[in-house]
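Report on one structure; see the data block that follows.
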Amino acid sequence: MHFSGIDIDSYTLCSSITASSAIKDVNFGQMVHTLVYKSGWISSVYVGSALVDMYVKSLCIKNAAIMFDEIPVKNTVCVNALLSGYSEAKMWMEGLALVRNMPCLNLSWDNFTFSAALRACVGLSAFELGKQVHGCVIRKVHDLESDVFLQSLLIEMYGKCGSVEKAGHVFDMVGFRCEERKKDVVLWTSMLGVCGRNGKFEEVISLFNDMVMEGIKPDGVALLTVLSACSHTGHVNLGMEYFESMASNYNLEPSPEHYSCVIDLLCRAGELDRAWKLINELSYNDNDNFTVTLWGALLSACHNFDNVELGKLAAQRALDLDPQNDGVYVLLSNMYARNGLWNEIEMLREEIKEKGLKKDIGHSLVDICR
């Protein structure tokens, strides 16, 4: 169009910029940016917003901020585009400063703006500021019940700041005004995560059971949280029931994280034989690094529970998959030393020398104030 002399309008420019964003071709986007300047479309807030979004998606946050400043008349859309970049780059202070400056630009906040502000509060663990944002949300957002992600961020913000009680208040108030108390799986998972991160493991288990009783199908994140809670509380059989229900009840395939959590559950409880059996039967045979990690976890548990014979077998399985893994040799040596097996340690050292392995020497730094 440009070389054919056909007039280029804002719609054409926005479409071209959006295309460069989709394929993350920042060079083409910069060429269009130059054309925007030459054609006088830089004053268009729609074209400017598209350029900000393009730079954000290309992770050129500095360029996005410069472009934002050059837009003569801004709107909430271009602000939100830059806010998404600040969130992606974890530039929490810059994001909050931009939100605070919006009234000076005669711009109003919308749900996305509040979400960006809450993400910044989560990143900074800013409790007082988060409460202020919550107050603005209550005053400005009239359809809060329909925005599950904004509610979820409120729960996460309070949880990150250690206020499980206030997170629970937000969770309990969901749907209160419209008299519909059934909550989305996202909200349940958020509340489960808050309790888990704050060490409220019994509450996690109780909340998970309430979730299932409400007819909400848990996702992989919810099940990972409740498995971790069972691991910390010693509820071995209950944790295994939850793990087995993933496939049988919820049609979910356990991920490496789920397997790791279950192995941790069994190892913490001293159920080393069950852990051995599960690792042998797991379905991630094509992922050697992951399997080595599980064998290493079992070896560490064998060290703690003085189960030398099983520990040797676990170490052998790990070394069969990764013969150069010096971490396995260190764990095995520590287990031998704990049980006074000095001959085995000497043979292990000879094996390490033959394979040419070296353990990094530990060191400490001390800052002396004078």
Side-chain angles (χ1 to χ4, degrees), residues 80 83-100 109-141 143-177 180-212 214 216-229 232 255 257-258 261:
N80 288 341
L83 282 174
S84 67
Y86 284 147
S87 295
E88 186 71 23
K90 294 181 172 55
M91 299 170 67
W92 311 123
M93 297 301 296
E94 290 81 355
L96 288 174
L98 181 57
V99 172
R100 284 196 181 104
W109 300 307
D110 62 8
N111 289 29
F112 186 92
T113 311
F114 286 124
S115 296
L118 286 171
R119 286 193 192 97
C121 292
V122 170
L124 296 170
S125 298
F127 180 66
E128 292 299 328
L129 186 57
K131 288 199 299 182
Q132 294 176 29
V133 176
H134 189 184
C136 289
V137 168
I138 293 172
R139 292 193 301 271
K140 301 288 186 179
V141 179
D143 60 340
L144 181 58
E145 288 82 4
S146 64
D147 193 331
V148 65
F149 296 105
L150 190 53
Q151 297 170 74
S152 177
L153 277 168
L154 282 168
I155 293 170
E156 185 179 353
M157 183 272 294
Y158 282 122
K160 180 66 181 298
C161 296
S163 182
V164 179
E165 183 180 1
K166 286 191 176 295
H169 288 164
V170 175
F171 180 76
D172 292 337
M173 287 298 291
V174 171
F176 183 80
R177 278 187 274 181
E180 174 56 57
R181 307 309 301 277
K182 192 171 184 179
K183 304 172 182 71
D184 187 274
V185 64
V186 175
L187 294 176
W188 284 98
T189 303
S190 297
M191 194 63 212
L192 285 168
V194 165
C195 292
R197 286 191 296 272
N198 286 276
K200 308 288 185 179
F201 300 117
E202 292 291 351
E203 285 86 340
V204 169
I205 296 172
S206 176
L207 197 63
F208 182 84
N209 291 332
D210 291 342
M211 174 184 177
V212 174
E214 287 276 340
I216 305 296
K217 179 184 175 182
D219 59 10
V221 177
L223 281 157
L224 185 63
T225 305
V226 76
L227 285 173
S228 177
H232 285 86
S255 69
E257 290 77 14
H258 292 103
C261 202

Main-chain N/O of Leu144 paired to Gln151 side chain as donor or acceptor, under 3.5 Å: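 Present.
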Under 3.5 Å donor-acceptor, Thr189 side chain and Val185 backbone: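 Between the backbone of Val185 and the side chain of Thr189 there is a qualifying donor-acceptor contact (under 3.5 Å).
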Within this structure, what is the [atom1]-[atom2] distance for the pair [X] and [Y], rounded to the nearest 0.5 Å?
{"X": "Phe171", "Y": "Met191", "atom1": "CZ", "atom2": "CE", "result": "7.0 Å"}
{"X": "Asn111", "Y": "Leu118", "atom1": "CG", "atom2": "CG", "result": "10.5 Å"}
{"X": "Ser206", "Y": "Leu192", "atom1": "OG", "atom2": "CG", "result": "10.0 Å"}
{"X": "Cys161", "Y": "Glu128", "atom1": "SG", "atom2": "CD", "result": "9.0 Å"}
{"X": "Met173", "Y": "Leu154", "atom1": "CE", "atom2": "CG", "result": "12.5 Å"}
{"X": "Leu98", "Y": "Leu83", "atom1": "CG", "atom2": "CG", "result": "4.5 Å"}

Considering all heavy atoms, the nearest [X]-[Y] contact:
{"X": "Gly159", "Y": "Val194", "answer": "CA-CG1, 3.5 Å"}
{"X": "Cys121", "Y": "Val133", "answer": "SG-CG2, 4.2 Å"}
{"X": "His232", "Y": "Ser228", "answer": "ND1-O, 2.8 Å"}
{"X": "Gly162", "Y": "Asn198", "answer": "CA-OD1, 3.5 Å"}
{"X": "Ser87", "Y": "Arg119", "answer": "OG-CD, 4.3 Å"}
{"X": "Asp219", "Y": "Ala222", "answer": "OD1-N, 2.9 Å"}

I'd like to check [X] versus [Y] (side-chain heavy atoms, cut-off strictly below 4.5 Å). Are they in contact?
{"X": "Val99", "Y": "Tyr86", "answer": "no"}
{"X": "Leu124", "Y": "Leu129", "answer": "no"}
{"X": "Asp147", "Y": "Val141", "answer": "no"}
{"X": "Ser115", "Y": "Phe149", "answer": "no"}

- prompt: Would one find more than 12 heavy atoms of other residues, nucleotides or ligands at under 6.0 Å from atom CD of Glu202?
  reply: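 Check passes, neighbour count above 12.
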field: Atom NZ of Lys90 with >12 non-hydrogen neighbours under 6.0 angstrom
entry: no
message: For Phe208 and Trp188, I'd like to know if the aromatic rings sit close, meaning centre-to-centre distance below 6.0 Å.
response: no
message: With a 6.0 Å cut-off on the ring centroids, do Tyr158 and His134 count as close?
response: yes
- request: Show your reasoning for whether side chain to side chain contact (heavy atoms under 4.5 Å, CB included) applies to Lys160 and Ser125.
  value: CA-CA 6 Å; Lys160 180 66 181 298; Ser125 298; 3.6 Å; yes
message: For Thr113 and Asp110, which I'm curious about, is there any donor-acceptor pair between the side chains at under 3.5 Å?
response: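 Result is yes, a qualifying pair exists.
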